[in-house]
Amino acid sequence: MHRRFVLARRPDGLPQVDDFRLESVPLPTLPAGGLLVRNRFVSVDPGTRGRLGDRETYAQPLALGEVIQAATVGTVEASEHPKFKAGDWVAAAFGWQEWAASDGRGIRVVPDNGLAPSTAIGVLGIPGLTAYFGMLDIGAPQPGETVLVTSAAGAVGSAAGQIAMIRGARVVGVAGGPAKCAWLTGTLGFAGAIDHRAVSDMTAAVAAACPEGVDVLFDNVGNAMIDSVLPLMKRGGRIVVCGQMADYNRPAEQAPGLRNTRAFIGQRLTMRGLVAFDHVRQYPQAWADLTGWIRAGRLKYREDVVEGFEHLPQAFIGLFTGDNFGRRLVHLR
Ligand SMILES: NC(=O)c1ccc[n+]([C@@H]2O[C@H](COP(=O)([O-])OP(=O)(O)OC[C@H]3O[C@@H](n4cnc5c(N)ncnc54)[C@H](OP(=O)(O)O)[C@@H]3O)[C@@H](O)[C@H]2O)c1
């Protein structure tokens with residue numbers, strides 16, 4: 001037998017532990033020509049929140065009773081597939097379950113790059129790729145420009161900020177609490193950090209940290225954050241709409257609105273969203289760049305590993321209260 005978590009109930013607001021049901025089901029069997037994988041690390045992702053509701057976002061909602069979707073890294077335990085052999089580490093999207101059977105589609109062998117296999121679903125997985133394409137394609141920071149990143153100590157934000165620094169920008173991060181802010185300025189070398197839990201006027205705090213204004217806003221938080229930065233955007237500024245942590249737990253029509261849109265005209269701003277999957281053909285180049293920067297010590301990352309499969313729901317919910325410090329993964333003992 002093995003365990004899996006399925007969607008028991010659609011969350012209302014902040015997800016609750018009993019929105020998820022732990023089931024014990026028979027181990028999958030090796031499919032003819034396929035492979036059998038034991039998951040070792042399972043991701044928890046803010047974007048999953050959108051799939052727990054009944055409205056289509058950029059991905060289909062999960063059905064009640066369906067296994068929770070997530071990125072996974074595991075070991076091949078048996079294989080009849082020519083591309084995979086027992087003992088290989090593989091990255092896939094098997095979701096919140098301990099074992100999975102597959103025909104091999106959508107799975108890749110974790111490259112032997114000297115990094116921990118968990119990085120394949122972290123800094124070299126969707127979070128790192130999102131930071132890479134969002135910052136380079138949309139933000140396009142130039143040397144000397146000012147870049148503001150929100151949820152900056154998180155998986156996506158920390159990579160996005162460092163990529164902007166690699167491009168020669170001055171980077172300021174917004175994060176929750178003194179420890180995260182100290183990591184941004186101390187370990188990562190950001191020019192400044194704003195503790196959003198300690199400021200009552202975000203516009204004033206950003207104005208103080210970015211006295212010349214903001215050329216690029218890479219936002220992971222949502223409408224209220226964007227609205228508070230709009231008056232400070234410089235001419236030709238770019239806003240990367242990457243995520244909406246503060247808005248995911250309410251219906252879209254209840255999210256705060258944008259009021260300061262006049263800045264778009266005066267400052268000739270652009271605002272664009274992204275989904276990392278759209279860039280799949282460019283992943284090899286992104287992996288090469290990200291790996292090179294890690295090896296050169298220019299791109300640092302944190303993994304926040306929660307021990308024990310049974311803690312998946314709480315690990316996920318903690319993303320919305322800032323419990324995690326870096327890429328949150330659950331390690332299956
Ligand atoms: N577009 C895409 O293709 C794509 C792909 C992956 C991820 N994303 C988005 O990128 C963002 C970051 O994802 P991640 O995996 O890297 O997560 P993360 O930043 O590692 O973790 C989430 C963080 O969000 C912050 N947060 C939670 N609630 C908040 C609130 N109400 N106001 C402000 N900050 C809040 C917390 O940090 P603090 O303690 O600092 O507040 C928390 O630690 C998410 O919005 C996610 O949906 C987008």
Side-chain angles (χ1 to χ4, degrees), residues 1-7 20-48 51 59 62 66-130 155 276-277 280 283-284 287 290-291 294 301-316 319 324 326-333:
M1 302 290 278
H2 79 124
R3 295 177 294 174
R4 64 186 193 182
F5 276 103
V6 301
L7 180 61
F20 307 94
R21 185 170 63 245
L22 183 59
E23 294 182 342
S24 220
V25 295
L27 274 180
T29 49
L30 178 65
L35 66 159
L36 202 56
V37 176
R38 183 170 180 183
N39 288 333
R40 305 290 177 168
F41 291 91
V42 176
S43 75
V44 289
D45 303 281
T48 300
R51 305 195 62 187
L62 291 176
E66 197 174 339
V67 173
I68 305 302
Q69 182 75 50
T72 54
V73 162
T75 46
V76 176
E77 301 297 313
S79 175
E80 289 181 358
H81 195 293
K83 282 195 190 156
F84 306 96
K85 60 180 190 311
D88 282 348
W89 280 88
V90 287
F94 291 134
W96 291 9
Q97 55 185 344
E98 292 178 303
W99 285 74
S102 167
D103 63 6
R105 273 180 293 182
I107 304 178
R108 66 187 176 95
V109 174
V110 173
D112 184 13
N113 56 15
L115 301 174
S118 54
T119 57
I121 55 170
V123 67
L124 298 175
I126 291 300
L129 293 166
T130 301
F277 305 134
V280 70
Y283 282 5
W287 284 324
L290 292 166
T291 307
I294 293 167
Y301 59 92
R302 276 182 77 111
E303 291 185 346
D304 175 338
V305 179
V306 174
E307 287 293 334
F309 182 81
E310 60 282 9
H311 299 304
L312 268 163
Q314 197 54 59
F316 170 66
L319 295 172
N324 65 305
R327 171 56 163 165
R328 178 161 273 188
L329 300 170
V330 172
H331 179 229
L332 280 50
R333 289 187 291 247

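Taking all atoms of both residues into account, the shortest heavy-atom contact from A276 to I126 is CB-CD1, 4.2 Å. The minimum heavy-atom distance linking P28 with A101 is given by the pair CB-CB, 3.8 Å. Heavy-atom minimum distance, Q69 versus R51: CG-NH1, 3.1 Å. The minimum heavy-atom distance linking Q97 with F94 is given by the pair NE2-O, 2.8 Å. When all heavy atoms are compared, the tightest approach of V67 to L62 is O-CD2, 4.0 Å. Closest non-hydrogen pair, A91 versus V110, comes out as N-CG2, 3.8 Å.
Scanning for side-chain hydrogen bond (donor to acceptor under 3.5 Å, both in side chains) contacts around H331 gives E307, with sequence neighbours left out. Take E66 and apply the side-chain hydrogen bond (donor to acceptor under 3.5 Å, both in side chains) test, not counting sequence neighbours, and it matches no residue. Applying the side-chain contact (heavy atoms from CB on, under 4.5 Å) test to D304 and every residue at least two apart in sequence or in another chain returns V306, N324, F325, R328. When the side-chain hydrogen bond (donor to acceptor under 3.5 Å, both in side chains) test is applied to K83, no partner is found at least two apart in sequence or on another chain.
Sorted by first then second residue, the side chain to side chain donor-acceptor pair (under 3.5 Å) pairs that include residues 20-37, not counting sequence neighbours, are R4-E23, R21-E23. Sorted by first and then second residue, the pairs that involve residues 104-115 and meet salt bridge (Lys or Arg N to Asp or Glu O under 4.0 Å), not counting sequence neighbours, are D103-R105.
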Candidate pair L124 and N113, rule side-chain contact (heavy atoms from CB on, under 4.5 Å), full reasoning: CA-CA 11 Å; L124 298 175; N113 56 15; 3.5 Å; yes
Verdict with reasoning, H2 to V25, per side-chain contact (heavy atoms from CB on, under 4.5 Å): CA-CA 6 Å; H2 79 124; V25 295; 3.4 Å; yes
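Looking only at side-chain heavy atoms (C-beta outward), F309 and L22 come within less than 4.5 Å of each other. A heavy-atom distance below 4.5 Å is found between the side chains of R333 and E310. A 4.5 Å side-chain heavy-atom check between T72 and W96 finds every atom pair outside the cut-off. Between V42 and L312 the shortest side-chain heavy-atom distance falls below 4.5 Å. In this structure, the side chains of D88 and L35 stay at 4.5 Å or more apart for every pair of heavy atoms. Between L115 and V123 there is no side-chain heavy-atom pair separated by less than 4.5 Å.
Proximity of a side-chain donor or acceptor of W89 to a complementary backbone N or O of V76 within less than 3.5 Å is not detected. Side chain of H81 to main chain of G104: no donor-acceptor pair is present (N/O by atom type, distance under 3.5 Å, no hydrogens or angles). Here the side chain of E77 pairs no donor or acceptor atom with the backbone of L36 at under 3.5 angstrom. Side-chain atoms of R327 come within 3.5 Å of backbone N or O of I121 as a donor-acceptor pair.
In this structure, the separation between CZ on F20 and CG on L7 is 7.0 Å, given to the nearest 0.5 Å. Atom-to-atom distance recorded for T75:OG1 and F84:CZ is 13.5 Å, nearest 0.5 angstrom. We find the OG1-CZ distance between T119 and F41 to be 10.0 Å, quoted to the nearest 0.5 Å. The OG atom of S102 sits 3.0 Å away from the CD1 atom of I107 when rounded to the nearest 0.5 Å. Between the CD1 atom of I68 and the CZ atom of F316 there is a distance of 8.0 Å, given to the nearest 0.5 Å.
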